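The chain is numbered in sequence order, starting from 1. This structure is a prediction, so every number in the text was calculated from the model and none was measured.
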Amino acid sequence: MAFTLPPLPYDYEALQPFMSKETLEYHHDKHHNAYVETGNKLAAEAGLGDKSVEEVMKEAYGKNQPLFNNAGQHFNHIHFWQWMKPNGGGKSLPGKLQTAVDSDLGGYDKFRADFIQAGMTQFGSGWAWIAVKDGKLQIVKTPNGENPVVHGASPILGVDVWEHSYYIDYRNARQKYLEAFVDSLINWDHVLELYEKTGA
């Protein structure tokens with residue numbers, strides 16, 4: 001099952017002013033596409049060209065770092081585009097998700113602070129996440145292309161803190177980017193869909 005670059009679920013201008021057309025063109029069309037193309041080449045070389053992205057990630061983790069990096073980043077970005085929408089973010093979470101955030105993460109305000117802090121304290125490149133493990137939500141961070149899947153958890157929300165995700169729009173102000181992501185971009189409906197799939 002070859003990796004394919006999914007189209008953006010909105011126009012390139014749709015997330016402005018929080019994420020620019022230029023950022024999406026570079027991030028989606030160049031960076032994500034490179035993970036797809038390199039991942040396909042490396043997966044074929046490793047005899048894993050017919051596997052799903054999740055299977056490739058799990059097979060490559062700890063054994064084939066270049067393949068894992070590209071498969072992991074492809075997986076992360078497939079969802080990253082879906083985790084954002086025009087007029088997203090805000091405190092109005094679907095009921096079931098709100099209940100889980102209240103019980104597992106201490107409520108919306110604590111989630112917001114802890115999620116932004118996870119993104120701020122991921123040294124260098126990486127991701128901050130809400131993941132489900134053992135039926136509970138947790139906030140975690142991972143380096144580079146790593147994600148909660150390889151640690152036995154299910155990511156339901158992730159934010160990319162690689163510089164290419166924010167440098168055009170925010171320069172080195174990672175916190176402003178993270179605040180804009182939470183307050184104005186999160187697609188809570190996609191988060192809920194992934195949460196419900198975990199059976200938590």
Nearest 0.5 Å, what's the OG1-CD distance between Thr23 and Gln16? 9.0 Å
Is the gap between the ring centers of His74 and Tyr35 under 6.0 Å? no
Are Tyr166 and Tyr170 near enough that their ring centres are under 6.0 Å apart? no
Heavy-atom check, side chain of Phe181 versus side chain of Met19, under 4.5 Å: no
Would you give the length of the straight line joining atom CG of Leu97 to atom CD of Glu193, rounded to the nearest 0.5 angstrom? 12.0 Å
Is a side-chain donor or acceptor of Asn187 paired with a backbone partner of Asp189 at a separation under 3.5 angstrom? yes
Determine whether the side chains of Gln65 and Asn69 contain a donor N or O and an acceptor N or O closer than 3.5 Å. yes
Without hydrogens or angle criteria, can the side chains of Asp29 and Tyr12 be said to hold a donor-acceptor pair below 3.5 Å? yes
Heavy-atom closest contact (Phe75 atom, Glu54 atom, distance): CE1-OE2, 3.6 Å
Indicate, with yes or no, if Met84 and Ile116 share a hydrophobic cluster defined by side-chain heavy-atom contacts under 4.5 Å among Ile, Leu, Val, Met, Phe, Trp and Tyr. yes
Would you say the side-chain atoms of Asn76 pair up with the backbone N or O of Gly145, donor to acceptor, closer than 3.5 Å? yes
Are Val149 and Val159 connected into the same hydrophobic cluster when the rule is that any two of I, L, V, M, F, W, Y join if their side-chain heavy atoms are below 4.5 Å apart? no
Distance check, rounded to the nearest 0.5 Å: Trp188 atom CH2 versus Leu157 atom CG? 5.5 Å
Run Leu67 and Glu59 through side chain to side chain contact (heavy atoms under 4.5 Å, CB included) and show every step you take. CA-CA 9 Å; Leu67 175 55; Glu59 287 274 334; over 6 Å; no
Just by modelled atom types, is the Pro6 backbone N or O under 3.5 Å from a matching donor or acceptor in the His28 side chain? yes
Please examine the side chains of Leu93 and Val101, heavy atoms only from C-beta on, and report whether any two atoms are closer than 4.5 Å. yes
Between Arg171 (side chain only) and Tyr167 (backbone N and O only), is there a donor and an acceptor less than 3.5 Å apart? yes
Does Ser165 use its side chain to pair, donor to acceptor, with the backbone of Trp162 at less than 3.5 Å? no
Does Lys176 form a salt bridge (Lys or Arg N to Asp or Glu O under 4.0 Å) with Asp169? I'd like the steps, not just the answer. CA-CA 10 Å; Lys176 283 187 182 167; Asp169 301 326; over 6 Å; no
Side chains of Ser20 and Ile168, heavy atoms from C-beta outward: is any pair under 4.5 Å? yes
Rounded to the nearest 0.5 Å, what's the gap from CG on Asp104 to CD1 on Ile139? Could you check? 10.5 Å
Would you indicate whether the side-chain heavy atoms of Leu24 and Trp81 approach each other to under 4.5 Å? yes
Check the side chains of His32 and His27 for a donor-acceptor pair under 3.5 angstrom, ignoring hydrogens and angles. no
Say you draw a straight line from CE of Met1 to NZ of Lys51; how long is it, rounded to the nearest 0.5 Å? 10.5 Å
Would you say Arg174's side chain and Gly119's backbone share a donor-acceptor pair under 3.5 angstrom? yes
Tell me if the OH atom of Tyr108 is crowded by more than 12 foreign heavy atoms within 6.0 Å. yes
In terms of hydrophobic clustering (I, L, V, M, F, W, Y; side-chain heavy atoms under 4.5 Å; direct or indirect links), are Leu5 and Leu8 co-clustered? no
Any idea which heavy atoms bring Ala180 and Phe18 closest together, and the distance? CB-CD2, 4.1 Å
In sequence, state the C-alpha distance, the side-chain angles, and the governing distance for His31 and His77, and then conclude on ring pair (Phe, Tyr, Trp, His ring centres under 6.0 Å). CA-CA 10 Å; His31 289 285; His77 284 82; 8.3 Å; no
Under a 3.5 Å distance rule, please check whether Asn40 uses its side chain to pair with a backbone N or O of Phe3 as donor and acceptor. yes
Looking at every non-hydrogen atom in both residues, tell me the closest pair between Leu194 and Pro155 and how far apart they are. CD1-O, 4.1 Å
Say whether, by atom type as modelled, one donor and one acceptor occur between the side chain of Lys133 and the main chain of Gln138 under 3.5 angstrom. no
If you measure only the distance, is there a donor-acceptor pair under 3.5 Å linking the side chains of Asn144 and Ser125? no
Using 4.0 Å as the upper bound for N to carboxylate O, is an ion pair formed by Lys41 and Glu37? no
Taking side chain as C-beta onward, heavy atoms only, is Val36 less than 4.5 Å from Thr4? no
For the NZ atom on Lys96, are there more than 12 heavy atoms of other groups (residues, nucleotides or ligands in this structure) within a distance under 6.0 Å? yes
Closest non-hydrogen contact found for Ala200 with Val132 is CB-CG1, 3.9 Å
What heavy-atom pair brings Pro94 and Leu192 nearest, and what distance separates the two atoms? CB-CD2, 3.5 Å
Would you say the side chain of Ile156 lies within less than 4.5 Å of the side chain of Leu137, judging by non-hydrogen atoms? yes
Indicate yes or no: does Lys91 engage Asp109 in a salt bridge with an N to O separation below 4.0 Å. yes
Report yes or no: do Trp127 and Gln73 form a side-chain donor-acceptor pair below 3.5 Å? yes
Distance-only, no hydrogens or angles: does the Lys85 side chain make a donor-acceptor pair with backbone N or O of Ala14 under 3.5 Å? no
Think Lys58 forms a cation-pi with Tyr61, using NZ or CZ under 6.0 Å from the six-ring centre and within 45 degrees of its axis? no
Separation of Glu179 CD from Met120 CE (nearest 0.5 Å): 8.5 Å
Whether the Thr142 and Trp129 side chains hold a donor-acceptor pair (N or O, under 3.5 Å, no angle test) is what I'd like checked. yes
Shortest non-hydrogen contact from Ala34 to Asn70? O-OD1, 4.1 Å
Would you indicate whether the side-chain heavy atoms of Val191 and Ile130 approach each other to under 4.5 Å? no
Within-4.5 Å side-chain heavy-atom neighbours: His151 and Val140: no
For the rings on Trp83 and Tyr10, is their centre-to-centre separation under 6.0 Å? no
